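A short write-up of the structure that comes next.
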Amino acid sequence: MSRRLFVALVALLAGCTRDPDPMVEDVALVAAPATVRWTPALDTSLAGSLSGVWGPSLEQLVIVGGNEAGAQIASRDGEAWLQTELPGVPLLIWAYGFAADDVYAVGVAGTMVHFDGARWSTLAAGTRDDLWGVFGFAPDDLWIVGGDPFEGDPIVLHYDGHRFQSERILDHPEGAHALFKIWGVDGELHAVGQRGLVVRRREGVWETVSAGPLADQDFVSLWGTARDRIFAVGGRSEGRIARYDGERWTTTAPGTPGLNAVQILGDELLVGGVHGFLARHDPATGVTVVEAEGLVDLDVHALFATGPTSDGEGEAYAVGGSFAEPHRGVALRRVPPSL
């Protein structure tokens, strides 16, 4: 992989050190009860850099990543983990699927692969630019976003199960060359990226929408459970959390380090970021309960949990790593008090 590419990965996915932000006011960071634990989920010594995780259940997870030698995938089936190498396939960034035998993953240099339950196969997406995120309403209605972080326009691709079609995002801030993640609910799509870029596809038309004055840093990830309950996170020097209420986006600065990952657990958000930062955030009160900080020296890039829980303390997984040599990865399991 090129030096330029790894500079981009380090800058865009790993975040940076935390500096004071004068715009952050009235935030509350508190420590979690000692009963909530994050523990190693599997041996990642040979897993390379890890970046994405998806599964139809917590017992059937797929974790993607890799190194310069090729993509690497860790798959969970019950209590066992199987690690698979894909030599010659560039590093994978994100995964999404519809069943244990129908999983897609995208990555650098226009890489896209599909798992049919027996093997992984490559798909020709028609681009050599990096692909950062994938989401689908159905196997014949899949959406992929990406872009070269240094030049050009953000990339949006639609895959109908047979062919790829490009859709252009023309109206975007200067310097916003890439979209990092995409999510949809009830036929409406949202994607986020560089320089606080947020775009929405409604009735077949893409439009750039404002997320407020605090949408001044990269948004890295987003997740939603309803059309009026979608959250995006990001921030390089300081964390940013944005919420979509069904009509508009608003952004807050929770006083956390830079954030890369988000999942919804009940009424709260589970967020992850630089230097192993993991926390619960209550968007109604603004209180952030820190569950882990410095537990590992690697950045958290993705989170996965299934189904809302009433207390926000359900089981979850976090994956991350370093995108420079020696390509270390980390996978953590969140153990709630009941386990």
Side-chain angles (χ1 to χ4, degrees), residues 2 4-19 21 23 51-52 91 93-94 106-111 125 127-135 143-157 166-183 189-201 206-223 230-244 249-253 256-262 271-274 299-302 323:
S2 69
R4 183 183 189 219
L5 175 58
F6 270 96
V7 169
L9 284 168
V10 172
L12 294 172
L13 293 180
C16 60
T17 56
R18 182 180 178 185
D19 298 314
D21 190 328
M23 295 185 293
S51 181
L91 180 143
I93 299 296
W94 206 247
V106 298
V108 301
T111 300
T127 181
R128 294 295 297 169
D129 285 334
D130 303 331
L131 302 178
W132 303 94
V134 57
F135 165 84
W143 294 87
I144 304 101
V145 295
D148 184 329
F150 301 101
E151 60 186 12
D153 293 329
I155 288 176
V156 179
L157 300 174
S166 176
E167 298 196 3
R168 300 191 67 185
I169 305 295
L170 296 176
D171 181 20
H172 52 83
E174 182 178 355
H177 303 296
L179 289 164
F180 295 135
K181 299 295 179 295
I182 185 167
W183 190 258
L189 289 163
H190 298 261
V192 298
Q194 285 179 296
R195 304 289 182 91
L197 175 61
V198 179
V199 295
R200 176 178 60 196
R201 189 180 192 271
W206 286 102
E207 59 180 340
T208 301
V209 296
S210 171
L214 286 179
D216 56 353
Q217 300 189 40
D218 295 353
F219 284 122
V220 183
S221 190
L222 79 166
W223 202 270
I230 305 174
F231 292 89
V233 299
R236 300 304 180 182
S237 59
E238 286 280 349
R240 294 289 187 267
I241 297 178
R243 177 174 183 170
Y244 183 67
W249 283 91
T250 55
T251 303
T252 60
T256 68
L259 299 174
N260 302 321
V262 61
V271 297
V274 301
D299 299 337
V300 173
H301 298 313
F323 287 98

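The structure presented is a predicted model; accordingly, all values stated were derived computationally and were not measured. As a basis for the values below, the full set of heavy atoms in this structure was taken, side chains included, without hydrogen atoms, waters or symmetry mates.
- For the atom pair Ile182 CD1 and Trp132 CH2, the distance stands at 16.0 Å (nearest 0.5 Å).
- Side-chain contact check for Leu197 versus Pro173: some heavy-atom pair is nearer than 4.5 Å.
- Side chain of Asp130 to backbone of Gly147: no donor-acceptor contact under 3.5 angstrom is found.
- For the pair Phe180/Leu222, no side-chain contact is recorded, criterion being any heavy-atom separation below 4.5 Å from C-beta on.
- A donor-acceptor contact shorter than 3.5 Å links the side chain of Arg240 to the backbone of Leu214.
- Remark: Thr208 OG1 to Arg200 CZ distance equals 10.5 Å, nearest 0.5 Å.
- Remark: the backbone N or O of Ile241 is paired with a side-chain donor or acceptor of Thr252 at under 3.5 angstrom.
- Under the 4.5 Å side-chain criterion, counting only non-hydrogen atoms from C-beta, His172 is in contact with Asp153.
- Taking the side chain as every heavy atom from C-beta outward, Val220 and Arg236 approach each other to under 4.5 Å.
- Inter-residue side-chain proximity for Ser221 and Trp94 is flagged as met; some heavy-atom pair is nearer than 4.5 Å.
- Contact check for Leu131 versus Ile93: no side-chain heavy atoms found under the 4.5 Å cut-off.
- Considering all non-hydrogen atoms of both residues, Asn260 and Val274 come closest at ND2-N, 4.4 Å.
- Listed here is the closest heavy atom pair of Ala302 and Ser51: CB-O, 3.3 Å.
- Minimum interatomic distance between Pro154 and Ala176 (heavy atoms only, all atoms of both residues): CG-O, 3.5 Å.
- Put simply, the side chain of Asp218 gets close to the backbone of Arg195: a donor and an acceptor are under 3.5 Å apart.
- Ring orientation note: the planes of His190 and Trp249 are nearly perpendicular, at an angle over 60° on the 30°/60° scale.
- Proximity of Val271 to Thr256: side-chain heavy atoms (C-beta onward) are nowhere separated by under 4.5 Å.
- Closest non-hydrogen pair, Ala125 versus Gly110, comes out as CB-O, 3.9 Å.
- Note: Arg201 CZ to Ile169 CD1 = 9.5 Å, rounded to the nearest 0.5 Å.
- For the pair Ala211 and Val198, the tightest heavy-atom approach, listed with the atom from each and the gap, is CB-CG2, 4.1 Å.
- Screening Val156, Val106, Leu179 for a side-chain contact (heavy atoms from CB on, under 4.5 Å) with Ile144, the sole residue that qualifies is Val106.
- Checked against a 6.0 Å centroid threshold, the rings of Trp143 and Phe135 do not count as neighbours.
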*Between Trp206 and Leu189, does a side chain to side chain contact (heavy atoms under 4.5 Å, CB included) hold up when you go through it step by step?*
CA-CA 9 Å; Trp206 286 102; Leu189 289 163; 4.0 Å; yes
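- Looking at every heavy atom in both residues, Ala232 comes nearest to Phe219 through CB-CD2, 4.3 Å.
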